[in-house]
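Order of the sequence lines sets the chain letters (A, B, ...), proteins ahead of strands, with each chain counted from 1. What you see is a predicted model, and the numbers here were worked out from it, not measured in a lab.
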Amino acid sequence: MSLSSICCGNFHLLRNLIGNTCNIRLLKYHSRSIFETLLSIRRHQSRPLSTTVLARSTRKGSKQSFSNSRHLHVESVESSIEVFKQPELEQLKSLHTYKEKFSGVKTEWPATILVFDIETTGFSRREDRIIEFAVRDLMGGKNSTFQTLINPEKDVRNTYIHGISNSMLCRPDVPRFGDLIPILLQYVWSRQMDGKPVLWVAHNGRSFDVPFLFFEFRRCKVEMPGDWLFVDTLPIARQLVDSEGSKLSSVSLEKLRERYKIPLTGSAHRAMQDVTTLCYVLQKLTFELKLTVPQLLEKSFRATDLPATRSDK
DNA sequence: GGCCCTCTTTAGGGCCTT
């Protein structure tokens with residue numbers, strides 16, 4: 001089974017294949033408990049999942065190994081295809097080529113940069129759950145995006161924020177976070193370059209997205225890969241100044257979108273829309289502050305570095 | 001909850017994320 005078929009929405013197929021095809025890799029990156037967790041996930045009742053990955057991967061060195069698949073469970077799924085327009089893709093790529101523009105020197109990619117966003121049932125990482133996850137690989141191209149709704153197994157009471165309702169989540173084809181983990185790991189590995197880390201980018205990620213993600217992994221008794229690094233665009237945006245040299249009064253994603261005149265093409269507070277906005281903001285932000293990708297890496301942190309994840313608050 | 005700012009640091013208010 002190729003990654004391309006998975007990326008057309010057959011997430012349940014991938015979930016069922018994880019246990020058959022990825023054991024060595026999982027053991028390489030994780031502890032034995034993770035392996036056992038993934039096997040236990042696979043033993044769960046087979047359910048069709050509705051998730052979306054956009055386009056196909058052609059990345060050299062992509063870690064995909066689905067050819068020896070067995071025991072396929074063909075079930076109905078929902079999927080949608082979104083194509084990122086070429087001019088926008090080229091604009092996003094300029095983040096990586098910033099140094100090249102001014103130095104004329106071809107630089108190597110120091111990391112896979114994944115811009116991500118989550119929607120949740122609220123602000124409490126202890127009480128609330130992730131209900132939507134979206135990510136875009138800044139490299140663009142095929143397989144560059146991944147998004148899914150997630151069944152939080154609890155009531156959603158902030159539908160007025162994101163428009164995601166209980167009826168959208170409490171369906172057999174919407175995965176729980178535990179179902180999603182092996183799928184997400186496999187997706188990230190398919191994008192990761194050999195020997196290089198993954199740099200996750202989120203706005204206010206240090207205080208919100210990263211701890212949320214960390215605790216969802218912990219609830220499922222799965223460790224985050226050690227080569228996942230995170231960078232928060234919020235403190236970076238706080239370095240911006242206005243025309244009079246004063247710091248900005250607000251550096252919310254919405255205010256940054258307005259500052260850079262980025263059009264809103266969908267619903268704000270939906271994960272993929274905010275990811276798309278943040279991709280543009282990141283490009284503008286790094287250009288304005290003359291930040292290179294290696295400098296972004298210097299600002300990165302691991303989830304386990306955060307006080308919140310150490311104290312379990 | 002974490003971070004930043006200031007009328008501060010032995011504190012408090014506001015921003016940012018859903």
Side-chain angles (χ1 to χ4, degrees), chain A residues 114-136 147-170 174 176-177 180 200-219 229-242 244-260 262 264 266-282 284-285 289 298-313:
Chain A
L114 301 178
V115 177
F116 80 107
D117 186 54
I118 58 173
E119 302 302 320
T120 70
T121 58
F123 291 122
S124 170
R125 61 180 74 105
R126 181 186 292 276
E127 303 295 333
D128 292 307
R129 296 291 184 272
I130 297 175
I131 56 173
E132 188 175 40
F133 181 92
V135 59
R136 184 185 297 278
Q147 63 178 319
T148 184
L149 291 172
I150 300 166
N151 185 343
E153 298 176 289
K154 65 172 293 183
D155 275 347
V156 178
R157 299 184 178 181
N158 58 347
T159 300
Y160 66 95
I161 295 290
H162 37 58
I164 301 172
S165 63
N166 286 311
S167 62
M168 295 166 66
L169 302 174
C170 298
V174 174
R176 294 160 296 186
F177 199 85
L180 178 64
W200 295 85
V201 180
H203 198 60
N204 201 26
R206 189 177 190 87
S207 298
F208 186 76
D209 303 75
V210 179
F212 248 103
L213 202 58
F214 178 88
F215 283 113
E216 289 283 19
F217 269 74
R218 174 177 283 186
R219 271 188 282 274
L229 305 176
F230 298 89
V231 67
D232 186 351
T233 50
L234 182 62
I236 297 174
R238 284 184 172 137
Q239 299 173 28
L240 294 171
V241 294
D242 59 22
E244 297 176 350
S246 302
K247 290 193 173 182
L248 305 182
S249 58
S250 172
V251 288
S252 68
L253 188 60
E254 175 61 15
K255 290 296 182 185
L256 292 173
R257 188 186 66 77
E258 292 175 2
R259 173 185 174 87
Y260 291 126
I262 299 167
L264 184 64
S267 303
H269 290 301
R270 285 304 297 267
M272 186 51 80
Q273 174 57 50
D274 286 352
V275 163
T276 301
T277 299
L278 184 55
C279 285
Y280 284 115
V281 165
L282 179 64
K284 299 285 189 182
L285 194 58
L289 295 175
E298 290 174 5
K299 296 177 181 294
S300 70
F301 55 89
R302 288 184 171 80
T304 51
D305 294 336
L306 299 177
T309 62
R310 289 201 296 265
S311 62
D312 197 19
K313 284 187 285 188

Sticking with atom [atom1], work out how far [N] lies from [M], rounded to a whole angstrom.
| N | M | atom1 | answer |
| --- | --- | --- | --- |
| B:dC7 | B:dG13 | C1' | 11 Å |
| B:dT8 | B:dC3 | C1' | 15 Å |
| B:dC5 | B:dT18 | C1' | 25 Å |
| B:dT9 | B:dC4 | C1' | 14 Å |

Hey, does the side chain of [X] reach the backbone of [Y] with a donor-acceptor pair shorter than 3.5 angstrom?
| X | Y | value |
| --- | --- | --- |
| A:Thr120 | A:Arg129 | no |
| A:Gln147 | A:Met272 | no |
| A:Thr277 | A:Gln273 | yes |
| A:Asn166 | A:Val156 | yes |
| A:Asp232 | A:Gly205 | yes |
| A:Asp155 | A:Arg157 | no |
| A:Lys154 | A:Glu127 | yes |

>> According to salt bridge (charged side-chain N to carboxylate O under 4.0 Å, His left out), does anything in residues 205-217 of chain A pair up with another residue at least two apart or in another chain? List the pairs.
In response: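 As it turns out, the salt bridge (charged side-chain N to carboxylate O under 4.0 Å, His left out) pairs with a partner in residues 205-217 of chain A, which skip direct neighbours, are A:Glu216-A:Arg219.
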Mind calculating the distance between [atom1] ([X]) and [atom2] ([N]) to the nearest angstrom?
| X | N | atom1 | atom2 | answer |
| --- | --- | --- | --- | --- |
| A:Arg125 | B:dT18 | CZ | C1' | 13 Å |
| A:Glu119 | B:dT17 | CD | C1' | 10 Å |
| A:Leu256 | B:dC15 | CG | P | 15 Å |
| A:Phe301 | B:dG1 | CZ | C1' | 14 Å |
| A:Phe116 | B:dT18 | CZ | C1' | 14 Å |
| A:Arg257 | B:dC16 | CZ | C1' | 17 Å |
| A:Glu216 | B:dT18 | CD | C1' | 13 Å |
| A:Lys255 | B:dC15 | NZ | C1' | 12 Å |

> Charged N to carboxylate O under 4.0 angstrom, A:Glu119 versus A:Arg270?
Replying inline: no
>> Within the 4.0 Å heavy-atom criterion, would you say A:Ile118 contacts the bases, only the backbone, or no part of the nucleic acid?
In response: sugar-phosphate
> Base, sugar-phosphate, or nothing for A:Asp128, non-hydrogen atoms under 4.0 angstrom?
Replying inline: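 Contact class for A:Asp128: none.
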> When you check the side-chain N and O atoms of A:Thr276 and A:Arg136, is any donor under 3.5 Å from an acceptor?
Replying inline: yes
> Does OP1 or OP2 of B:dC16 have a side-chain N or O of A:Ser250 closer than 4.0 Å?
Replying inline: yes
> Considering only heavy atoms, which members of residues 200-210 of chain A lie under 4.0 Å from some atom of DNA chain B?
Replying inline: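 Correct list: A:His203, A:Asn204, A:Arg206, A:Ser207, A:Phe208.
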>> If you take any heavy atom closer than 4.0 Å to DNA chain B, which residues from residues 154-165 of chain A end up in contact?
In response: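 Going residue by residue through residues 154-165 of chain A, the ones with a heavy atom under 4.0 Å of DNA chain B turn out to be A:Asn158, A:Ile161, A:His162.
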> Can you name the residues that form a side chain to side chain contact (heavy atoms under 4.5 Å, CB included) with A:Arg302, not counting sequence neighbours?
Replying inline: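 Testing A:Arg302 for side chain to side chain contact (heavy atoms under 4.5 Å, CB included), a comparison that skips the adjacent residues, returns A:Leu229, A:Thr304, A:Asp305.
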>> Pick the closest DNA chain B nucleotide for A:Ser249 and for A:Asp274 by heavy atoms, then say which residue is nearer the 5' end.
In response: A:Ser249
Below 3.5 Å between N/O atoms, which protein atoms pair up with nucleotides 5-8 of chain B? Just atom names and distances, please.
| residue | atom | partner | partner atom | Å |
| --- | --- | --- | --- | --- |
| B:dC5 | OP1 | A:Lys247 | NZ | 2.7 |

>> If the condition is ring-ring contact (aromatic ring centres under 6.0 Å, His included), which residues does A:Phe177 pass it with, not counting sequence neighbours?
In response: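 Result, ring-ring contact (aromatic ring centres under 6.0 Å, His included) vs A:Phe177: A:Phe217.
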